[in-house]
Each structure stands twice: as structure tokens, then as C-alpha cells.
Amino acid sequence: MANVFCPSLLRKWGKTGLFLWIQCLAVSVAFADPIDLTIFVDRSARPISPNLIGVFFEDLNYAADGGLYAELVQNRSFEYSPTEQPDWHPLKFWDLQKRGNGDGSVVVANMRPIHKNNPHYILLTVRTPGQGVGIANSGFGGIPLAAGERYKASFWAYQAFMGQMWGPGDNSKPMPVTLRLETRSGELLAETSMQIQGRRWTPYNATLVSPRAVSDAKLVLLAHEMGGVCLDMISLFPERTFRNRQNGLRADLAQAIADIKPKFIRFPGGCLVHGQGIHQYYDWKDSIGPVEQRRSFRNLWGYSQKVGLGYFELFQFCEDSGAIPIPVVSAGVCCQHAGSSPGRGKEGLPLEEMPAYIQDILDLIEWANGPVTSKWGSMRAAGGHPDPFELKYIGVGNEDAITPIFKERFRMIYEALKKEHPEITVIGTVGPFAAGEDYENGWAFAKALQLPMVDEHYYVNPQWFWDNLARYDSYPRKSTTVYVGEYAAHDRGRRNTLRSALAEAAGLTGLERNGDVVVFASYAPLLARRGHTQWTPDMIYFDSVNVYFTANYYVQQLFGQNGGDRCLETELAAGDSKKLAASSVVDSGSGDLIVKIVNGADTPANITIRLAGLSPDAPMKAVKTVLSGPDADAVNEDAKEPVIKPIQSTELVKSVFTYEAPANSLTVYRINR
Ligand code: AHR
């Protein structure tokens, strides 16, 4: 009706008429023919994976050091090297301090390391003590301190032998040192003193409390007598880490991940699993045990990886956030882009090395699940976790080109795992794309081997998700299942637009509807430190004090918090709208019926929701959460005031009710029957 009148308004009132006409048009679209969404509560609900939504953690974009790992000192073990970045070296991010006429030097040494995996340390020599000679570290662009928070400072040290070569000094007396937290300009915030004595590597610990919040502090260690000390593993952690773990995780970031209610965590990669060449794969054995004995190595993404956040911490994080651990190991091949012919240059471990490599994978299972009396189980217990981690899944390979070299090695690993650990579900790989040669060959190989599950990846434009809502409808049932291990909608400019998030939400309705085939799904990448991103878009951005939640994050959170274990038959008569998607599930635990509606159009959708089979008059309490924003191009820039965020309300609904889904929105109705 409104449209009939509007052209005459336009003729009569010029610009004002045009404005009114646009308003009328919006109203007419909003009140266009209602769209029917029927949820057949009376028909039998299909069992689906209760674990659909999880996360994929990979150390890129400074996700680990300078990210999720709560360590505040950068290059604590003096292992940075030019192989990582051309201007990096063992003293990178450390500054020599000579206070109040003090004089001395610092050199890098490797003659008596704490452990062979941690070869470098420093020799700090004091010639004139003045008010102290030492070193300072500003962390990852300034150490953030919170008012009244306690920080655990620690280092390893021994007294250097001071012969003629190094100058005077008396080893019979301890070396007094101070550990200080200072502002960038050198104002003292907290200080503690200790004495270093003896010629053996010894750990020293102290607690420092910052009186006020500072975003760019530094940790300073000063020696106060003539002589020398060797130092390594100079570290500073907030006492308050996620679940207060030692060597723990940054509380706000870990909480942000836990708030998704991830049902699983896949780690440590991605491409990181292969590393840069055939012997550069991520060796889980280097990532467990005392942190001073772990071997840091060049991260595939071009920086240093200290593996302080290693397998132990990752398994513990899974446990602390109620997630199933899914470690991924290389299939005994390097990445196809790292071999001699880029693209298909897959190279494999020499076959004679495969038995040892396979044994490493078997050892991983023993480490995770074995009794404390077993060799590797005892190492897990020594790390502080006598109970098994209950590992049930292992990913073998990541986005591999399905070449004969790959197949031969994959088969060897798979057969060994099947024989020794039939209780473990092996997840294979079907290449880097949603279709194409590796996808086809990967699936054919998986079918031939009767693999229980394969890992699909797709980074695609938002429209792809809308065009492929029915992708899994035709996948065979009771066969190899799917883990969508990496996916994201890459919008123009690779920004985290609302459009991209809603495309992913629409895709997720398709996965929920096919939750009998798709068992797990994880957006990628998860984390990115602002100023250190190698890849965009990402789900959660952060700096040293803030966490920035993207629209894509909120989509994951809404699906993660509102999953179900049974899927209801759902009919959406969307008419001409090509940007409407819906799914409905039941969470048997609470009995709640959960309906998700994605409207990716720039106009509202007027929907009549029919819960077929429920009594027509009984009102039911519903929690409604709407994620929306000003328009499809909107992005969240500010941590404190994101423009796109979920808004929750409660209402009473009946078995038939109407809902106007806002333009560009995801709505979740959680109905308590
Ligand atoms: O998620 C970033 C990268 O994308 C992963 O490391 C790799 O598996 C994929 O190509």
C-alpha cells in the first residue's frame, strides 16, 4: 500500500518526498509478506554432534608468546636469532643498564648452558657498581601492570668465575642484585633484593606488586658488586593467570576463548605443524617438561617460538575450558609449499626415519593417556598432571597435497595407530580447499582407508557460504565424518565485517542441520596481536591490555553457547530472500529448544515462527539474543564500545509467534519448554 502513495509524494514534495518514499519503502519491505519458519517439534529429532563448535589454536600473529602465554618478558632465554628476523639476536629486546656511574658489560655465552636445548645465556660483568649494572626488558612493546596486582619475577643464575680475564671480583661473597619494575622513564614501581651465590645454575624467585596501573613498564635486573653473574630465563608473570596456573595463560584472552564454550581445541597448527622444511615439523617432545629445558625454534610465521606454551599447557587449557584436545601431527611430509617445487613440492621423511617418527606419535598417546608408571605417563605426572588427559582424537596432516609421498607415509602412521590405539580417532586431511584435486583425491583416499574423519578447510568469500548452505545435505551418512578444521569468510579488504560474520553464521546453520556428518568446526585463525599480524581476518584481536571482539567472535560465541545434541526438522519458506538461513536444535541437558535465524539482507525479515506440535496457548520463556550492527560493512574497532555486539532480552512466546529479524542480524531464540 505504502508504495502506491509514494511516487505521488515524490512529485509533490521533491527531496522531502524522496526521503519519505525511502522511509515508506523500508516500511513496506519490513511488512512484506511474512516468511514462514516451521520447526517440527512433533517429528523425531536427529542426533547430531554435541561438540560442533570448538577453536583452533595456532601460534601465528603472536598468538602464543606475546599473546595467550602470560609471560611478560620478551626473549627471556636469549635465544632470539637472525634466522627468525634479520635484526634479531640473543640480546634483542634487552638493554644494558649502567646506573649512577656504574660500569660493566653484558655478553652472550654458550659454554655452560642450563640445558642443551637452551644453549644461550648472558654473562653480566660489573667493573664499577655505581648504583647498579644490569639489563632491562620492556616485554612486547611495554609491560602492562595492573594496580595492586602481584607479579612473579624469576631468573636462573650462577656466579661467574672472575679471573684476570674478566677483571676483579670475589666469588666467595654473594652477588647482591635487585629486581625492579620501572616505568618507561625509569620511575621505580616495585623492587626486591636477593643474593646470587654459587657456581651452579639456581632458580631465584620474587614477587613484585605494582602500586598503580602502567601500560609500558620494564623489568630491570641490577647487580651491585664488582664481579660477574651468568643469567638466563629472566621472566615475569602475572600471578593471576587463567585458573591461576603456574606458567599459565593470559587471563583475559583465555577467558575470551573459554566464553565461546569450545567443545574442543585443535592445536598446534595449521602450517605450523609442518614447519618450514622436512625436519622442521613441530616436535611435541620439545614442548613439554621444565620450561628452561624446552627447545625454542623459528616459528614458521617468521618469529621465535619459545614453547613455554607447549603441549602440557595446551592440554591443561583444554581441561580448564572443558574442551576435547585435538593435537595435530605432521603426516611425515613437509608442506607442499616448502619442498623443491612450490605448490606440489611435497617431500617426505626418509622411509627409514618413519618408524622413529611413528614412535613419537605413539609416545604422545602414552604421554597423554598412559599410567604414571609408564615412561611418558610419568613425564606428564612430573609436569603436575598424574591423571590422564583423556586424548581421544589425533589429526594427522594439515592441508596436504595428496601425493604418493603423502599417501605412503599417512598410511604407515594410520595403520600403526589403528593397531596400537584403536580407541583413538584419526582425523585425515583433504587438502586446503573446499573442492578441487586434493579435496577429491583426499576424499577418495579417506574412503579407501575407511578413515573415521577428515579435516576440510575453506577460506572463501561471504557469498560462498550463502551459496553452499546445502553443502553437507548430500554427504553420505554413516561413513567418514567431517571436521571443518579451518574456515572463514574473507570479505573485501579481509576485514571482520558483519557481512563476513553473518555468512559464517549462515554456514553454521548448515553444519548444525548436518551435525550427524559434521562433528567439529573451528574458525581460523583464532588470535592476533595488533601490530603483529601475519594473517587477517582473525577471530580475536588484542594488544597488551585490551581484547577486541570481532563480529565473527560473537557468532562463534552464540553458536558455542547454544549448541544442541538433536536437530529438529526445520522448514524455511524464504520466498525471494536469498539471505535467510535457520536451524533449530534441542539441548537435551536443559531441554531447551534453540532456534537460530540469520538474516544477511539489508532489509528486515518479517517471520512467523511455528513450533509445530506444541500446545498453542501455553506461553514459554524465551531468551532472545540478537547480534547486529549499523550495516553489513560494519566492523568492531574499539574494545570498550564495539558497534556489533549481542543484545539479550527475555520474552514469552507461544507456539506461533512473529519476529521481525533486523537487517544484517543473527538471532538466537533459546526457548524453555
Ligand atoms: O589459519 C592460517 C593457516 O591457514 C593455517 O596455518 C593453514 O592450515 C591454512 O593455510
Side-chain angles (χ1 to χ4, degrees), residues 54-65 67-68 257 260 262 264-277 280-282 284 297-303 305 307 309 314 326-331 333-339 342-346 394-402 406 410 427-439 442 453-461 464 482-491 494-496 500 504 507 520-529 532-542 550 552-553 556:
V55 296
F56 161 45
F57 175 82
E58 176 169 20
D59 183 8
L60 84 159
N61 306 321
Y62 278 43
D65 299 320
L68 187 58
I257 297 169
I260 296 172
F264 66 88
I265 302 178
R266 170 182 181 240
F267 55 88
C271 293
L272 195 83
V273 163
H274 301 291
Q276 212 92 41
Q280 303 301 313
Y281 58 85
Y282 187 106
W284 72 272
F297 53 98
R298 183 182 191 279
N299 181 306
L300 167 106
W301 299 100
Y303 55 93
Q305 187 163 304
V307 291
L309 172 53
L314 287 163
I326 307 186
V328 183
V329 296
S330 142
V333 293
C334 75
C335 168
Q336 51 264 38
H337 302 293
R344 309 294 297 169
K346 195 140 281 286
I394 285 189
V396 178
N398 175 67
E399 294 193 351
D400 293 282
I402 313 298
F406 163 81
F410 183 96
I427 307 172
T429 175
V430 292
F433 307 117
E437 188 182 352
D438 294 320
Y439 171 85
M453 196 184 294
V454 293
D455 178 15
E456 291 190 356
H457 293 182
Y458 30 88
Y459 297 97
V460 286
N461 64 54
W464 184 94
V482 177
Y483 169 23
V484 185
E486 296 180 29
Y487 68 91
H490 284 184
D491 205 351
R494 291 183 71 151
R495 305 190 77 207
N496 291 84
S500 70
E504 289 150 10
F520 301 127
S522 46
Y523 178 98
L526 175 65
L527 293 174
R529 185 178 177 103
H532 293 279
T533 48
Q534 290 85 43
W535 181 290
T536 52
D538 306 287
M539 196 208 293
I540 302 170
Y541 294 83
F542 60 91
T550 62
N552 314 71
Y553 169 82
Q556 295 298 317

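Keep in mind that the numbers below use all heavy atoms, side chains included, and drop hydrogens, waters and symmetry copies. In listed order, ligands and their atoms are each counted from 1. Counting begins at 1 with the first residue of the sequence.
Where the criterion is an N or O separation shorter than 3.5 Å, residue side chain and backbone included, Glu399 meets it with respect to ligand 1. For ligand 1, the polar-atom distance check finds no N/O of His457 at less than 3.5 Å from any of the ligand's N/O atoms.
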Start with the C-alpha distance between Asp400 and His274, add both sets of side-chain angles, then the distance that settles side-chain contact (heavy atoms from CB on, under 4.5 Å), and finish with yes or no. CA-CA 10 Å; Asp400 293 282; His274 301 291; 3.1 Å; yes
From CA spacing to verdict: side-chain contact (heavy atoms from CB on, under 4.5 Å), Val328, Thr429: CA-CA 11 Å; Val328 183; Thr429 175; over 6 Å; no
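Under a 3.5 Å cut-off, the side chain of Asp438 and the backbone N or O of Ala401 do not form any donor-acceptor pair.
Nearest protein heavy-atom neighbour of atom 1 (O) of ligand 1: Tyr459 OH, 2.8 Å. The closest protein non-hydrogen atom to atom 8 (O) of ligand 1 is Glu486 OE2, 2.8 Å. Of all protein heavy atoms, the one lying nearest to atom 6 (O) of ligand 1 is Glu58 OE1, 2.6 Å.
Below 30°, between 30° and 60°, or above 60°: for Phe520 and Phe264 the angle between ring planes is between 30° and 60°, a tilted geometry.
Between Phe410 and the options Val396, Ile402, Val333, a side-chain contact (heavy atoms from CB on, under 4.5 Å) holds for only Val396.
In Trp301, the part holding a heavy atom less than 4.0 Å from any atom of ligand 1 is the side chain. Only side-chain heavy atoms of Asn398 come within less than 4.0 Å of ligand 1; its backbone N, CA, C and O stay farther off.
The shell of residues lying under 4.0 angstrom from ligand 1, judged by heavy atoms, includes Pro525.
With ligand atoms numbered from 1 in the order given, ligand 1 contributes 5 (C), 6 (O), 7 (C), 8 (O) to contacts under 4.0 Å with heavy atoms of Cys271.
With 3.5 Å as the limit, one finds no donor-acceptor pair spanning the side chains of Asn496 and Tyr553.
Remark: Asp59 CG to Leu309 CG distance equals 7.5 Å, nearest 0.5 Å.
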